[in-house]
Amino acid sequence: MTVIDDISDVPTPDASLAPLLEVRDLHVEFHTRDGVAKAVNGVNYSVSAGETLAVLGESGSGKSVSAQAVMGILDMPPARIPKGEIFFQGRDMLKMSGEERRKIRGRKIAMIFQDALSSLNPVLSVGYQLGEMYRVHQGLSRKDAKAKAIELMDRVRIPAARERVGDYPHQFSGGMRQRIMIAMALALEPDLIIADEPTTALDVTVQAQVMELLAELQREYNMGLILITHDLGVVADVADKIAVMYAGRIVEDAPVHDIYAKPAHPYTKGLLQSIPRLDQKGQELYAIKGLPPNLTRIPSGCAFNPRCPMAQDICRTDVPPLHPVGTARGSACHFWKETLGE
Amino acid sequence: MGRYVIRRLLQMVPVFIGTTLLIFVMVYGLGDPVAAMFGDRTPDPATAAQIRHDLHLNDPLWQQYLIYMQHIFKGDFGKASNGQPVTELLGTAFPVTLRLTIMAFVIEAVVGIALGLFAGLRRGRFFDTGVLAMTLLVVSIPTFVTGFVLQYLLGVKWGVVHPSVGEGAPFKDLFIPGLVLAGVSLAYVARLTRTSVAENSRADYLRTAVAKGLPRRRVITNHMLRNSLIPVVTFLGTDIGNLMAGALVTERIFNIHGVGYQIYQGIVHNNPPTVVGFVTVLVIIFLGANLLVDLLYAVLDPRIRYA
Ligand SMILES: Nc1ncnc2c1ncn2[C@@H]1O[C@H](COP(=O)(O)OP(=O)(O)OP(=O)(O)O)[C@@H](O)[C@H]1O
Ligand code: SF4
Ligand SMILES: [Mg+2]
């Protein structure tokens, strides 16, 4: 019995093991003419360095809004964050000044948007837009920034980078434009990248290439990655863990393979059943019945109850907490056991 | 680009011929210029015939037009009824009107864009509402009313400025006339800029600029303003013509001896060479300004390709 043994038994709060990003009980609402839209209602998730978290969910479930809250780019008003904490490298970003947060954006956390054509400035050359990262954050000269921009374009494998650095976004193909978005996010080698449906706007043929590039760069720089997507196929390939969102809440979170093998929430199950599969070719595709709720009037109890095939009386009155399922999983369903068991 | 400019210049030829021919024909509807030269006196028939011959007044109209154009391209715009060469009148009148137009243009662009930008950035707030109300007011009052009211209040009653513009039309005397002339256009520029800024501030690329961690000032100046100004620049360009037309009215209010004054004199005293000469130069300036705007448009928006 030595002192050292004692210590080794206690889980020490080692900073390097703490997650890079930890979102706790995040709420976001929008004040609109029709009332208060509660877009995010108590989201919890975390990402560590080198880890990929996939965020899944139907349109309007609050995936982008929660990501934009992390990024600090929500327009406030109309948005408001009434509650929650967003710890990044141990500090709550919601308590920082605007200037502190600005310095994190681009440098430490970067974001890739869905539609690269509309997300790049149409009247500035890509070289200018890439170089701007170095000019603003590192004070490089115009000339040095341009050289860095060319280097970046090479990095994301854009052919003839030197000749094309002065071209404008509309002169590139969709896949190349998304590579430019990726390059821009990568410029200052951030610790965390948030990719909001980075391949949705692309041709199927280039989707895989772009996704591969992103995953490769993430590995190389050991970055944390939050990948927002509709594409469950992509998720299976690149994600370490999954968070499924419904009506602004995480309804299930789990390591990627657990979810595919056995979903613990009826909503996740519905999503998985709605993927087209080769062995069921010709059969009608499953679709979850009904529509996502109006966010100004979210149903009481479990928000999914009007659409859930397993709903019971308790579902209409009691909000299900996130029940732990095994060690690393959680399901916000009163009947998670039954869901798993079937 | 070079080819585009050449094509545009060629396209201007029929426009130029069309407008000048039209004015030429119209001016001849005014009456007999020879009779006008002599005023109340009846001219000696022989002299009148001689003048008619010298001025080619007996030839068919289209021939007169051709002769006139030939002279113009040699720099000869003919003579006014008092014997002064029209080129001399052009030389004194155009600088005055150009100064007035430039004054108005600068006021319109600078004040209009500034008001629109700040209103657009503070949509729904007090400043924005104020700008909207003010511009509506300006647009709904006729220019000559604003002109006379300002002239009376600032010039006559309070004596802050000269009620009429002095010899040579110095810029300081032109400020109030320029403001009056710019008024309505300024209101449009402010509103257009406001709408454009509001639209662009919701654009995806602006969200990207914020996500890049750029300071707000840079987001606005380098990313938003340039995109927002594209429609405004187009408007400003086409508005040069309006300003020049409006200048003719403003000149009368403030008694400025510019192009408007000369054309008015030309019409009242039935003097074709003056009227046609001035209008021809106006047409050339107008066409040139339009070409310049189109080229500027391409500089601002790289998506526009000239082929
Ligand atoms: N500026 C805003 N004003 C009002 N409501 C907003 C605003 N931005 C987002 N919302 C609302 O927040 C809800 C969540 O939107 P969010 O963009 O996060 O959905 P999402 O999960 O990303 O969907 P998608 O898959 O379509 O991207 C939506 O219902 C939307 O209407
Ligand atoms: S809590 Fe009830 S309604 Fe909600 S998912 Fe579970 S079974 Fe369905
Ligand atoms: Mg989204």
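Lettering follows sequence order; numbering is per chain, from 1. Hydrogens, waters and symmetry mates play no part in the numbers below; they use all other heavy atoms, side chains included.
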Peer 1: Tell me whether B:Arg123 at atom CZ has more than 12 heavy atoms from other residues, nucleotides or ligands lying less than 6.0 Å away.
Peer 2: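 Buried by this count: over 12 neighbours within 6.0 Å.
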Peer 1: Can you pull out the residues in residues 145-163 of chain A with any heavy atom less than 4.5 Å from chain B?
Peer 2: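 Under the 4.5 Å heavy-atom cut-off, nothing qualifies.
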Peer 1: What residue, out of A:Met184, A:Gln114, A:Lys103, has the most heavy-atom pairs lying under 4.5 Å from chain B?
Peer 2: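 Answer, by heavy-atom pair count under 4.5 Å with chain B: A:Met184.
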Peer 1: Can you see which heavy atom on A:Pro122 is nearest to which on B:Pro302, and at what distance?
Peer 2: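 Looking at all heavy atoms of both residues, the closest pair is O-CG, 3.5 Å.
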Peer 1: Hey, could you give me the CG/CZ distance between B:Leu214 and A:Arg105, rounded to the nearest 0.5 Å?
Peer 2: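 The CG atom of B:Leu214 sits 9.5 Å away from the CZ atom of A:Arg105.
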Peer 1: Compare every heavy atom of A:Gln68 with every heavy atom of B:Arg207, then report the nearest pair and how far apart it is.
Peer 2: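 Closest heavy-atom pair between B:Arg207 and A:Gln68: NH1-NE2, 3.6 Å.
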Peer 1: With respect to chain B, which residue among A:His137, A:Glu132, A:Met71 yields the maximal number of heavy-atom pairs within a distance under 4.5 Å?
Peer 2: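 The answer is A:Glu132.
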Peer 1: Assess whether atom OH of A:Tyr128 is packed by more than 12 heavy atoms of other residues, nucleotides or ligands within 6.0 Å.
Peer 2: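 Yes, the 6.0 Å shell around OH holds more than 12 heavy atoms from other groups.
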Peer 1: Which atom pair, heavy atoms only, marks the closest approach of A:Val136 to B:Gly213?
Peer 2: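 Looks like CG1-O, 4.4 Å.
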Peer 1: Can you tell me how far apart CG (A:Asp115) and OG1 (B:Thr208) are? Round to the nearest 0.5 Å.
Peer 2: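 Between atom CG of A:Asp115 and atom OG1 of B:Thr208 there are 9.5 Å.
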Peer 1: Between A:Gly98, A:Ser119, A:Gly106, A:Gly72, which shows the greatest number of heavy-atom pairs under 4.5 Å with chain B?
Peer 2: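 Heavy-atom pair counts peak at A:Ser119.
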Peer 1: Side chain from CB out, backbone as N, CA, C, O: work out which of these in B:Ala203 comes under 4.5 Å of a heavy atom of chain A, or both, or neither.
Peer 2: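 Neither part.
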Peer 1: Evaluate B:Lys212 against A:Met133 for side-chain contact (heavy atoms from CB on, under 4.5 Å), listing each step before the verdict.
Peer 2: CA-CA 7 Å; B:Lys212 283 164 87 173; A:Met133 296 299 280; 3.5 Å; yes
Peer 1: So which part of B:Arg202 gets closer than 4.5 Å to some heavy atom of chain A, the side chain, the backbone, both or neither?
Peer 2: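 Answer is neither: B:Arg202 stays 4.5 Å or more from chain A.
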Peer 1: Can you tell which part of A:Gln129 gets under 4.5 Å to a heavy atom of chain B, answering side chain, backbone, both or neither?
Peer 2: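 When you check distances to chain B, atoms from both the backbone and side chain of A:Gln129 fall under 4.5 Å.
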Peer 1: Anything in residues 221-245 of chain B with a heavy-atom distance to chain A below 4.5 Å? Please list those residues in order.
Peer 2: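 Result: B:Asn222, B:His223, B:Arg226, B:Asn227, B:Ile230.
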